[in-house]
Amino acid sequence: MCGITGWVSYRRDLTEHRRDLDAMTETMSCRGPDAAGVWLAPHAALGHRRLAVIDLPGGAQPMTVETPDGPVGMVYSGEAYNFNELRAELRRAGQRFDTGSDTEVVLRGYIVWGEKLVEHLNGMYAFAIWDARTERLVMIRDRMGIKPFYYYETEDGVIFGSEPKAILANPHVAPVVGLDGLRELFAGAKTPGAAVWEGMREVRPGEIIILDRGGMRHRTYWQLRSEPHTDSKEATVAHVRELLDDIVQRQLVADVPRCTLLSGGLDSSALTSLSQIHLAPQGETVRSFAVDFPDQDKHFQAIDVSPTQDTPYVHAVAEYVGCDHKDIILDGAALSAPEVRRAAVGARDLPIGIGDRDNSLYLLFAAVRRHSTVALSGESADEVFGGYPWFHDERQYAETFPWLAGQHSLVESGGQISEDLKPALGLSDYIDESYRTAVAETPVLDGETGLDQRMRVVSHLHLTRMVQILLDRKDRMSMAVGLEVRVPFCDHRLVQYVFNAPWSLKTFDGREKSLLRAATRDVLPASVADRKKSGYPGTFDPAYVMAIQSQAADLLRTGHPAVQLVNHEGLTEATTRPAADLSQRQRMLLERTLDLGAWFDIHHPTVRV
């Protein structure tokens, strides 16, 4: 896992811009604490920061292969989980290898297969290849968009990076945010390809972008397909288990310590148990980590997406599986520390506004990194198998993104956004248009009607919109501390297969995630297999709430630029009301304001309204 960046310019001699490349590459140091490298050619410059996971002595980047017609260079972030099979296939095709890394497998795969390399890859990846033979740049992102990849078109080329901060470090890019960027910040549903910063875009999941002197071309090499599902219930459950066994085994491959992120829910518990099953024959015990908060028993408040506390279930799984488990305890003082918020907002480059959940995730990952370099996460199982409450109530029929149903008022008229900004944003119209576009992209299955047809749409919305928000969050927070988080439930084979299972099959036991529960029940304690969905926990520590009230009041008093974007009257009330009486809406406003404050302090954006 690494951080990549680069610059292609057909009118400049980039060998004279080493200092710029060094600055861009340095912004990725957290993503790659183990090594740094740059490669300069007249019209292409590549930068790389490495987190060594496979073939620790080898695999240095940028990596190049010399050909009779010129070099082919690459910077690569991610993991190809089938690199051993691909290496054997490429050797049969005449390729010779100098390292044991998956990076060289990907690069030599391009030498043999060109762009068709993507048809062979199983993994998470974002990489750029400069092919000097044709003076073209090839940018490729994995099918589900697990690894981030941003680019900024210039008059004579492109600037790219794993994160916006790498691009913003280039002297030719200004940190400007316009109305569309603000809409993306507040909307709650990510538009594929969109970035908040003006002029910046994302390589879309499953996309190849080719740049040459003739311009830039885009091609989608993978997207979800609608196909008839003919397997019986028993065969479907068996195939899901077969896929999970293969996926977990592949994603445990690493030359560094591994672990799982354990919440005591169905998803992470299944991965932890399957990991132990695959590691035991090697004489290994899986390590697991969970987050908790002091006095959570006393302060916990059940909400829709988090109806139960995690800790009792975490401990039940740890005892059942026999894993080496550790709880990471985070108190209100740590979560509310301004330097922690600054680190979390800086990791994401965005003021998302979920505050303590981002802060705690950052601190959790920092603690895990002291023991492990690779972690398996249950992220995305809810999107794949239908785990959220709104999959199963009237919100499934809402004429908006189901997770936003009833929330327009929370974001807009409910009081987060400045009254002066609301008319210019037109956020409700923006969300409605984004929703209609997303629905129109859902692949149709001939003959499908009624609930199955609707739930195909709902599933597609989650797998193309919501999952991008969560994957980006998980990648940024983990890589900010040099931790590689792998997401087995995003294996494209599993996603494609389950997507086409009819809704009646996904809920055959009358509950959420029926297929996953049935496929893994035999490796879980009954209490966990039957546990109701519960999301990533937040803190209910009154000390945390009082701390963020005080910090937001400071922003108000000093006239911080962040305050200009939010509801001034609502913020004033939220900072003065007794902490115990704060509504969820008011707490969200405090979190959003503080995240915006950190964002302004880090990036000094110019906001154009």
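Heavy atoms only: backbone and side chains are in, while hydrogens, waters and symmetry mates are out. Everything quoted here is computed from the prediction, not taken from an experiment.
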So, [X] versus [Y]: side-chain donor-acceptor pair below 3.5 Å or not?
X: Asp310; Y: Ser263; result: no
X: Ser269; Y: Tyr320; result: no
X: Asn500; Y: Arg456; result: yes
X: Asp356; Y: Thr539; result: no

Test: salt bridge (Lys or Arg N to Asp or Glu O under 4.0 Å). Region: [range]. Which pairs qualify, not counting sequence neighbours?
range: residues 319-328; answer: Arg287-Asp324
range: residues 274-284; answer: Arg258-Glu284
range: residues 93-113; answer: Asp98-Arg108, Glu104-Arg108

Is there side-chain contact between Ser29 and Arg49, with at least one heavy-atom pair below 4.5 Å?
yes
Centroid separation His371 to Phe289 less than 6.0 Å
yes
Output side-chain donor-acceptor pairs under 3.5 Å for residues 374-385, partner residues at least two apart or in another chain, one line each.
from: Ser377; atom 1: OG; to: Glu379; atom 2: N; distance (Å): 3.1
from: Ser377; atom 1: OG; to: Lys474; atom 2: NZ; distance (Å): 2.8
from: Glu379; atom 1: OE1; to: Lys474; atom 2: NZ; distance (Å): 3.0
from: Asp382; atom 1: OD1; to: Lys513; atom 2: NZ; distance (Å): 2.9
from: Asp382; atom 1: OD2; to: Lys533; atom 2: NZ; distance (Å): 2.6
from: Glu383; atom 1: OE2; to: Tyr388; atom 2: OH; distance (Å): 2.5

Could you work out, with side chain to side chain contact (heavy atoms under 4.5 Å, CB included) as the rule, every residue matching [X], not counting sequence neighbours?
X: Ala280; result: Gln276
X: Val253; result: Phe83
X: Pro205; result: Arg141, Gln468

What pairs with [X] under salt bridge (Lys or Arg N to Asp or Glu O under 4.0 Å), at least two apart in sequence or on another chain?
X: Asp472; result: Arg476
X: Asp246; result: Arg250, Arg493
X: Arg348; result: Asp358

Exercise answer: donor-acceptor pairs, residues 231-243 side-chain atoms, under 3.5 Å, sequence neighbours excluded:
from: Asp231; atom 1: OD2; to: Tyr497; atom 2: OH; distance (Å): 2.6
from: Ser232; atom 1: OG; to: Ala235; atom 2: N; distance (Å): 3.1
from: Thr236; atom 1: OG1; to: His229; atom 2: NE2; distance (Å): 2.8
from: Thr236; atom 1: OG1; to: Ser232; atom 2: O; distance (Å): 2.7
from: His239; atom 1: ND1; to: Glu242; atom 2: OE1; distance (Å): 3.4
from: Arg241; atom 1: NE; to: Asp245; atom 2: OD2; distance (Å): 3.3
from: Arg241; atom 1: NH1; to: Ala519; atom 2: O; distance (Å): 2.8
from: Arg241; atom 1: NH1; to: Asp522; atom 2: OD1; distance (Å): 2.6
from: Arg241; atom 1: NH1; to: Asp522; atom 2: OD2; distance (Å): 3.4

Non-neighbouring partners of Arg341 that pass side-chain hydrogen bond (donor to acceptor under 3.5 Å, both in side chains), sequence neighbours left out
Tyr544, Glu591, Asp595
